[in-house]
4 protein chains.
Amino acid sequence: MAVNNKQEDILNAALKMFALRGYDGTTIPMIADEANVGAGTIYRYFENKQTLVNSLFQNSVRTFSDALRSDFPVEGDMRQKFAHIFRRMGEFAEQYTETLLFIDATAGSYYLDEKSNEMFQEFMSFIEHQLDIGKKEGKIRNMPSKAMISIVYGAFVQLFKVKCNGMLEATPELMKAVEESCWDAIRMH
Amino acid sequence: MAVNNKQEDILNAALKMFALRGYDGTTIPMIADEANVGAGTIYRYFENKQTLVNSLFQNSVRTFSDALRSDFPVEGDMRQKFAHIFRRMGEFAEQYTETLLFIDATAGSYYLDEKSNEMFQEFMSFIEHQLDIGKKEGKIRNMPSKAMISIVYGAFVQLFKVKCNGMLEATPELMKAVEESCWDAIRMH
Amino acid sequence: MAVNNKQEDILNAALKMFALRGYDGTTIPMIADEANVGAGTIYRYFENKQTLVNSLFQNSVRTFSDALRSDFPVEGDMRQKFAHIFRRMGEFAEQYTETLLFIDATAGSYYLDEKSNEMFQEFMSFIEHQLDIGKKEGKIRNMPSKAMISIVYGAFVQLFKVKCNGMLEATPELMKAVEESCWDAIRMH
Amino acid sequence: MAVNNKQEDILNAALKMFALRGYDGTTIPMIADEANVGAGTIYRYFENKQTLVNSLFQNSVRTFSDALRSDFPVEGDMRQKFAHIFRRMGEFAEQYTETLLFIDATAGSYYLDEKSNEMFQEFMSFIEHQLDIGKKEGKIRNMPSKAMISIVYGAFVQLFKVKCNGMLEATPELMKAVEESCWDAIRMH
DNA sequence: TATGAATGAGCCTTCATTCAT
DNA sequence: AATGAATGAAGGCTCATTCAT
C-alpha cells in the first residue's frame, strides 16, 4: 500500500498512455479508463492535465536519477563509473520501460514547467560532473561533457526504442557490446 | 515562384509546427496562421490532417535519404562511407533542421500510414546494407547493423537536439570530434 | 421525473426542430438550445446526429403504430376498421403534431438506416394487410392496397399540414366529412 | 437555345439535387458539378443559394400552374374540370417528376421568400375558385375548398412518391381508378 | 472521497461566397 | 463571361474541466 493507491494508479496509467501516444494524443478519459478511476477523480489529485504531466515527469526523472546515482562508485575510476551508469540505465530501461520512453519523449516539451526543466538539468549536471572529472584525469576525451552525454544517452535510448519496436533483440551480449561501443566513443584513445 | 506557392507554404508551416509541438499538439489553425493561409485552404491541398503529416513525412524522408545517398562513395572504403554519411547528416541537420527533428519525432508514430512506414524502412535498409558490407570486410564490429545505426543515429540526433536547445555550440571542431567518436563506436578495434 | 429527463428533452427538441427545418437544416446547437442542454450533452445520449434522427424516427413510428393498432377492432367490419384508423390518426395528429410531421418529412430519406426503414415498412404492412382483408370481402375497391394507403394517408397528412399553416380550421365536423370523403375514395361503389 | 444555356443548366441541376436531397442537404458544389459549371458561375446568375431556390420554386410553380391551366375547360362541367386537372397533374408528374417533387418538398419551407409564397397561393386560388364554382352548382361536396384540394393533391402526390420509390407501378388503369377514387372523395353523393 | 453527467471552448472539416485571372 | 482557388464562418464532434450527488 503506497502513499495513495488511486494517485499511484493514475500516475501509472498516465505514464503508460503518455509513453504510448504522447501528451496531446492522450485524453483524460483514456487515463481514467486505464487507471480504473472516474475522470473526475484525476482532478482530486492533480490540478489539471499539465500539472499531471509535470508531476509525472518530475517523478520519472527522480526515479531515473536515483537509479543511476545509488551505489555510485564515487571512488572508482572513470571506466567503473561509466559501467555503473550504463548498466543501471540498461536495468532501468528493462524495469521501467515506459518511464524511460516517457522521459525521452517529454524532455524539452513546450508543456513542461520550470521546475520540471530544472530537475532535468540538475540530473544532467550530475552526469556532466562525473564526465568532467574523467576528463581532468585524462581518461576520456576532451569534448564538451554535454556532447558526450548526448552521444551515450542518444545511442542508448535509440537502441532501446528499436528494441521496443521489436526490430532488435537486446541480448546481454549485445548490451555488453554496446557498452563497449559507447565507452569507445568517449574514452581517450 | 515555385511549382505551387501555397502548398509549399503549408508544408513548411506544418513542418515547423509539427517539429515544435508534435502532431497532436499542432492544430490546423496554427498551421494556417503560420502559412498565412486560410484554414480551409489546407484542405484544397491535403485531404485531412493525417494525409498532411504523411505527405510531409514522406517528403522529409525522401529529402533526407537523397541527401545521404547522393554522391555516395560506392567504391570507397568503410571509413569513407561513414564519413560521407555522417557529414551529410550534419549538413542536412544544419540546412533542414526542422525536417530532421520532424522525422525523428514522427518515425514510428501511430498516425503514420503504411506507405510512410515503408519509405522509412526502405531508407534504413540502405544504411544497413552499407554496414553489412563493412562488417564482411572486417572494418566494423560484428554487431547487428540495426544496433550500430541506432548508436550513430541516436548519438547524432541527440547531440543535434541539445544544440538546438542552445545548450551546446556545434563548432566544426566538435562535429569532427563527434564523427571520430561515432566511428570509434562502431569500427573494429 | 421521467426515466431520463435530459434524453427526453433532447428528443423533444430534436423532434421539434427536425419537423420545422428538416434534418440538414437543423444544427446540433439548435437542438441543444431548444433542449436547454449543452451541445456536448447530446453526444452522451446519441452517438451522432444520424443516430439521433434514427432513434427519433424509430420512436416516432412506434408511437404512431401503437396509436393506430391499440384497440384495433379485429372483429369489426371494414368500415369500422377504417373509422378506427382514421380517427386514431386524427387524434394522433392533434396530440403529436410534430411527430406526424416529422415522420412524413423523414420517411424515405437518405439518412435513415436499415432498421428505421424496416420499422416503417413493417408498420405499413399492418395497414396493407387490413386493406387486403377488406378487398377480399368486397367492401373496398380492387386497387393495390399501397395505392389506397397513399390516397388516404396522403390526403390526411396534406390536410393536416394545411391546418398547421393556419389556412384551414379542422373542426370535428370537417374531420368527420373528410373521413367520409376518404372512405368514399376507397369503398366499393 | 433557351434564354441562356448556363442558367438553364444550373436550374436543372439545382432542381435535380434539391428534389433528391432537399435544400439544406444540397451544396453549391454539388449543383455546379451536376450542371458542369464552375461554382462561381452560379453566382453570376443567382445572388445566392436562397435566391436560387426561390427562382427555381417560382419557375416550378409557374410551370405546374401553366400545365393545369392551359386548355382549361372553362365551359365544361365540374367532372370535366376535375378530369382535366387530374390528368394534367398526372402528365406533369410523368414529364416533370423532379419539378413536382421539388414543389411538394419546398412549399411552406422556411427559406422561401414572400414572392414564392404568394405565387404558390395565387396558384392554389385558381383551383380553389374552380371548386367553389362546383360547390355552388351542387356537383361537389360542401366542404372547404382548401380541404378538398388537400385531399386530392395529397392523395395524388403521395401515390406518386410511392411510385417513384418503385413500390407501386402506376399503370394507366391504376391512374384511371385513382382519378375515380379522388372524384368520389369530393363529388356530391 | 469518488464519481460521471454536464458543459462549452475549441478542434477538424465543410461550404457559401468572393475575386483574381 | 467563366472559372476555381481562396477564405472564414459555422457545423459536427471531442475533451478538459466542473460539480452535484
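Lettering follows sequence order; numbering is per chain, from 1. Any value given below was found using the heavy atoms of this structure, including those in side chains, with hydrogens, waters and symmetry copies removed. These figures come from a predicted structure and were not determined experimentally.
Looking at which nucleotide of DNA chain F each of D:T41 and C:T41 is closest to, the 5′-most match is held by D:T41. Summary of the strand contacts: B:A39 and C:A39 both lie near DNA chain E, and taking for each the nucleotide with the nearest heavy atom, the more 5' one is attributed to C:A39. The 5' end of DNA chain F is approached more closely, in terms of each residue's nearest nucleotide, by D:N36 than by the other of D:N36 and B:V37.
Listed by chain and residue number, C:F92 satisfy the ring pair (Phe, Tyr, Trp, His ring centres under 6.0 Å) test with C:Y96 (two or more places apart in sequence, or in another chain).
Protein atom CE of B:M17 is 12 Å distant from nucleotide atom P of E:dC11, rounded to whole Å. Regarding B:I10, its CD1 atom lies at a distance of 9 Å from the P atom of F:dT7, rounded to whole Å. Between D:I42 atom CD1 and E:dA16 atom P the separation is 9 Å, expressed in whole Å.
No more than 12 heavy atoms of other residues, nucleotides or ligands lie within 6.0 Å of NZ in A:K16, so this atom counts as exposed by the packing criterion.
Remark: F:dT14 base-pairs with E:dA9. Criterion, Watson-Crick or G-U wobble with two distances under 3.5 Å. In this structure F:dT21 sits in a base pair with E:dA2, meeting the Watson-Crick or G-U test at under 3.5 Å. Across the strands present, E:dA16 finds its partner in F:dT7; the criterion is a Watson-Crick or G-U wobble pair with both atom distances under 3.5 angstrom.
Using bins of under 30°, 30° to 60° and over 60° for the plane-to-plane angle, the ring pair C:F102/C:F18 lands in the parallel bin.
For C:S116 and C:D113, the side-chain atoms include at least one donor-acceptor pair closer than 3.5 Å. Counted by atom type alone, D:T51 and D:N54 present zero donor-acceptor pairs between their side chains at under 3.5 Å. When only modelled atom types and interatomic distance are considered, A:Y110 and A:D24 share a side-chain donor-acceptor pair under 3.5 Å.
Counting only distance, with no hydrogens or angles, the side chain of B:D104 and the backbone of B:L100 share no donor-acceptor pair below 3.5 Å.
Against DNA chain F, the stretch residues 20-35 of chain C makes heavy-atom approaches under 4.0 Å through C:T26, C:T27, C:I28, C:P29. Using a 4.0 Å cutoff on non-hydrogen atoms, the parts of residues 43-51 of chain A near DNA chain E are A:R44, A:Y45, ordered by number.
One finds the CD1 atom of A:I10 at 9.0 Å from the CD1 atom of A:I28 (value rounded to the nearest 0.5 Å).
For the pairing with C:F64, the ring-ring contact (aromatic ring centres under 6.0 Å, His included) check across C:F123, C:F57, C:F120 returns one residue only, C:F123.
OP1 or OP2 of E:dT7 lies within a sub-4.0 Å distance of a side-chain N or O belonging to C:K6.
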